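These numbers were taken from a predicted model, which means no experiment stands behind them. Every number for a ligand or one of its atoms is a count from 1 in the order of the listing.
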Amino acid sequence: MKFTELGLAPEILRAIADQGYETPTPIQAQAIPIVIAGRDLMACAQTGTGKTAGFTLPLLNRLAAGRPAGATGPRKIRVLILTPTRELAAQVEESVRTYGAHLPVKSMVMFGGVGMNPQISALRHGIDILVATPGRLLDHAQQRNVDLSAVEVLVLDEADRMLDMGFIHDIKRVITLLPKKRQNLLFSATFSEEIKALATGLLNQPEYVEAARKNVTAELVRQKVYKVDRERKRDLLVDLIRDNNWYQVLVFTRTKWGANGLADKLLKAGIEADAIHGNKSQNARTRALANFKSGKLHVLVATDIAARGIDIDELPYVVNYELPNVAEDYVHRIGRTGRAGSEGEAISLVCVDERKLLHDIERLIKRQIEETIYPGYEPDPSIRAEPILMRSSAGRGGARPQGGGRSGGAPRPGGAPSGNRSGPAKPGGASHRSGSRNR
Ligand code: AMP
């Protein structure tokens with residue numbers, strides 16, 4: 001399949017060529033014709049699959065055909081893209097600019113934490129494509145700064161993350177401001193019951209596409225389990241990093257407390273490490289990520305939700321310091337490594353408490369992961385399994401009962417985030433809930 005076979009306008013093909021892309025990714029090859037045909041779409045695709053171009057290219061194609069017959073005066077918003085975070089909104093709008101470079105299309109990114117007035121004046125000048133986080137969009141809508149009456153296409157990007165962050169009510173309110181007749185595209189990394197419920201209410205006879213879960217079958221990711229006692233994981237990780245000279249390691253923990261504690265321990269052991277999670281300010285997270293990418297930090301410790309949606313992949317090593325509660329998250333985690341032809345290694349430190357989680361993962365990926373023991377870390381057979389609590393790792397700190405997983409968990413009252421599933425914090429540390437969100 002070539003980009004030229006997808007029916008895209010020459011200006012868009014030129015922008016694609018400028019980027020050096022030769023062939024559409026699987027999600028692009030599947031999604032683009034559906035979106036061009038005007039159909040509703042439910043797409044299961046995570047970051048790194050090329051999903052952004054999967055919806056951006058055909059939407060630009062729609063706008064490339066010109067304004068609707070009879071349209072006069074300033075441009076009205078024809079495409080609305082909602083994202084859970086500022087970072088993602090900025091990334092998506094950047095893609096719109098990149099792929100729309102040769103088209104007379106106007107786009108704008110809108111999120112909270114910055115002044116309203118520049119956004120108001122940009123809106124007045126006329127916008128074709130608006131990329132926004134839901135909270136700030138509603139603020140503008142309340143003040144009647146934004147006219148959504150001409151929206152032809154609604155895109156929900158990383159919809160599962162928006163639900164995790166408690167945006168369901170905001171999304172529903174935005175939808176009431178849109179024309180009833182429109183095209184809807186829903187992108188999500190997972191297909192949980194909550195997402196299915198959202199899709200049922202939103203989509204009209206949708207087509208369904210799924211990016212091949214390359215990591216399930218990826219031969220390029222070497223997966224390995226180290227059996228180790230719960231209390232010795234930290235020491236084992238330090239030894240593994242030192243003995244093998246690992247230089248760019250993304251380490252996953254289940255909780256924010258665990259992420260902090262582990263980063264501290266690594267620092268004390270002389271390993272350059274930092275943690276990213278929902279309680280860290282935007283600045284702290286951006287800085288940690290930049291340092292990790294540049295090689296200044298050797299280890300980045302992250303919770304699942306903090307790691308999703310940010311652009312870090314093609315890593316040589318991913319370590320599951322703790323196995324995720326939801327087996328699907330394992331696939332997302334190890335998807336950070338072994339991309340684009342480079343080999344990667346996904347290592348899991350598994351204690352006796354986690355045997356069932358490991359079993360669930362192996363069932364999902366339909367293969368057994370090689371198990372081994374690092375010399376000097378032979379598990380003590382007398383240690384009994386304990387229930388997994390959402391606590392700081394190594395058992396310190398306040399224990400909390402385990403929260404439900406994203407796909408299987410009980411609905412949270414009011415859609416507020418729970419446990420380590422809360423989204424990035426507002427500067428100042430407040431977590432996202434209805435009422436104190438990322439505006
Ligand atoms: P996304 O999944 O949208 O976050 O995209 C992941 C990365 O893939 C981005 O850095 C894109 O620039 C890149 N990309 C998107 N489409 C293609 C393509 N067809 N060929 C090569 N790279 C691509």
Does Gln28 reach ligand 1 with a nitrogen or oxygen that is under 3.5 Å from one of the ligand's nitrogen or oxygen atoms?
yes
With atoms numbered from 1 as shown, which atoms in ligand 1 lie under 4.0 angstrom from a non-hydrogen atom of Thr23?
18 (C), 19 (N), 20 (N)
Are Asp274 and Lys296 within salt-bridge range, i.e. N to O under 4.0 Å?
no
Name the orientation class of the two ring planes belonging to Tyr317 and Tyr247 (parallel below 30°, tilted from 30 to 60°, perpendicular beyond 60°).
perpendicular
Is any N or O atom of Glu22, backbone or side chain, closer than 3.5 Å to an N or O atom of ligand 1?
no
Nearest-0.5 Å distance that lies between atom CZ in Arg287 and atom CG in Leu289:
12.0 Å
Please confirm whether Phe55 and Phe187 have ring centers closer than 6.0 angstrom.
yes
Will you find, in the side chains of Thr253 and Glu322, an N or O donor that is under 3.5 Å from an N or O acceptor?
no
Number the atoms of ligand 1 from 1 as they appear, then name those within less than 4.0 Å of a heavy atom of Thr52, with their elements.
1 (P), 3 (O), 4 (O)
I need the contact type for Gln19 against ligand 1. Using non-hydrogen atoms and a strict under-4.0 Å cut-off, is it side chain, backbone, both or neither?
neither
Judging by distance only, is a nitrogen or oxygen of Gly50 under 3.5 angstrom from one on ligand 1?
yes
Can you sort out which atoms of ligand 1 are near Phe3, meaning under 4.0 Å from one of its heavy atoms?
19 (N)
Not counting sequence neighbours, list each pair that qualifies as a salt bridge (charged side-chain N to carboxylate O under 4.0 Å, His left out) and has a residue in residues 106-117.
none
